[in-house]
There are 2 protein chains.
Amino acid sequence: MTEVDAQRLARRAAILKSMAHPSRLLIIEMLEQAPRCVGELTEAIGADITTVSKHLAVMKRVGLVCDEKHGTYSEYRLLCSCVTHLIDCVEAGMDAQSCDAP
Amino acid sequence: MTEVDAQRLARRAAILKSMAHPSRLLIIEMLEQAPRCVGELTEAIGADITTVSKHLAVMKRVGLVCDEKHGTYSEYRLLCSCVTHLIDCVEAGMDAQSCDAP
DNA sequence: GACATTATTGGCAAGATCGCCAATAATAGT
DNA sequence: ACTATTATTGGCGATCTTGCCAATAATGTC
């Protein structure tokens, strides 16, 4: 495996890692419908706002979301709209197949 | 958010988490081409075989792969073939968009 | 300017993850 | 039966993650 391959895999792993949490998946689903500020997301998740802010910071760092300031509000939105659909696909594929029926 | 929603998100998060590691992504890419035994995967990854075996155990637990015994060998194969394609899509979507060009 | 609102950052404790070694299990070959 | 090969499990330390509190920053309102 080349160095380039290793970097590619590491980058993809980072993207997946930034999505691999229930709160973050909820954030993704909400942002798919509309941009939201941190407070709205926090209310839906039911955690501390500092926790949600840190989740968003991670997702921003890997390029999954971006933010735009409006006064004291930070409006976040998705940078890739196909994300949830992808996960639907993974689940559907796994439900359909199994080792018992090769 | 209902209890059902929380469970759905938790399940999806578990699936993503089981993929969110460079070695596991390499495993997925290799299994997309053909079923492999643990030793082959271990050689490609360059880690200890016990480490790879544990990666595979996690991926099996969430239903991403399954295994079949052939003598002393364990042959692993993907249960969902669309996985890498999905990640391609995430990356492509993120490269194409940005907050600067809404 | 004083205060309220919104969000971010630093810090910390609890828990999870990762990777290696040692030990064990299971099978094949002699 | 003995040994070799392949894989899994237990255990441990090092590291990373998660979520809350406290403190800080940034902006709007009076």
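All values derive from a computational prediction rather than experimental measurement. Every chain is numbered from 1 and lettered A, B, ... according to where its sequence line falls, protein lines coming before strand lines.
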Assess whether one donor atom and one acceptor atom, taken from the side chain of A:Lys69 and the base of D:dG28, lie less than 3.5 Å apart.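 No.
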Under 4.5 Å between any side-chain heavy atoms of [X] and [Y], yes or no?
X: A:Ile45; Y: A:Thr51; value: no
X: A:Ile28; Y: A:Leu64; value: yes
X: A:Leu78; Y: A:Val65; value: yes
X: B:Leu41; Y: B:His55; value: no

Rounded distance in Å - [atom1] ([X]) to [atom2] ([N]):
X: A:Leu41; N: C:dT6; atom1: CG; atom2: P; result: 14 Å
X: B:Met59; N: C:dC18; atom1: CE; atom2: P; result: 12 Å
X: A:Leu56; N: D:dT17; atom1: CG; atom2: P; result: 17 Å
X: B:His21; N: D:dC16; atom1: NE2; atom2: C1'; result: 11 Å
X: A:Ile27; N: D:dG19; atom1: CD1; atom2: P; result: 10 Å
X: A:Asp48; N: C:dT6; atom1: CG; atom2: C1'; result: 13 Å
X: A:Ile49; N: C:dA4; atom1: CD1; atom2: P; result: 18 Å
X: B:Met19; N: C:dT17; atom1: CE; atom2: C1'; result: 17 Å

Among the nucleotides [options], which one has an atom lying closest to any side-chain atom of [X]?
X: B:Ser53; options: C:dT8, D:dT9, C:dG19; result: D:dT9
X: B:Thr72; options: D:dA7, C:dA28, D:dT9; result: C:dA28
X: A:Asp67; options: C:dT8, D:dA7, C:dT6; result: C:dT8

Within the pair [X] and [N], is there a side-chain N or O less than 4.0 Å away from OP1 or OP2?
X: B:His70; N: D:dT6; answer: no
X: B:Thr50; N: C:dC20; answer: no
X: B:His55; N: C:dG19; answer: yes
X: A:Tyr76; N: C:dT6; answer: no

Is it true that a side-chain atom of A:Glu40 and a backbone atom of A:Cys37 form a donor plus acceptor pair closer than 3.5 Å?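 Yes.
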Give A:Lys17 one of three labels, base, sugar-phosphate or nothing, depending on what nucleic acid heavy atoms sit under 4.0 Å from its own.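 Contact class for A:Lys17: sugar-phosphate only.
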Considering every strand and a 4.0 Å limit on heavy-atom distances, what is the contact class for B:Ser74: base, sugar-phosphate, or nothing?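 The residue B:Ser74 makes sugar-phosphate contact but no base contact.
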5' precedence on DNA chain D between A:Gly71 and A:Gly46 (nearest-nucleotide basis):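 Final value for this comparison: A:Gly46.
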Nearest-nucleotide comparison on DNA chain C, the residue closer to the 5′ end among A:Tyr73 and A:Lys54: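 Its nearest nucleotide lies further toward 5', so the answer is A:Tyr73.
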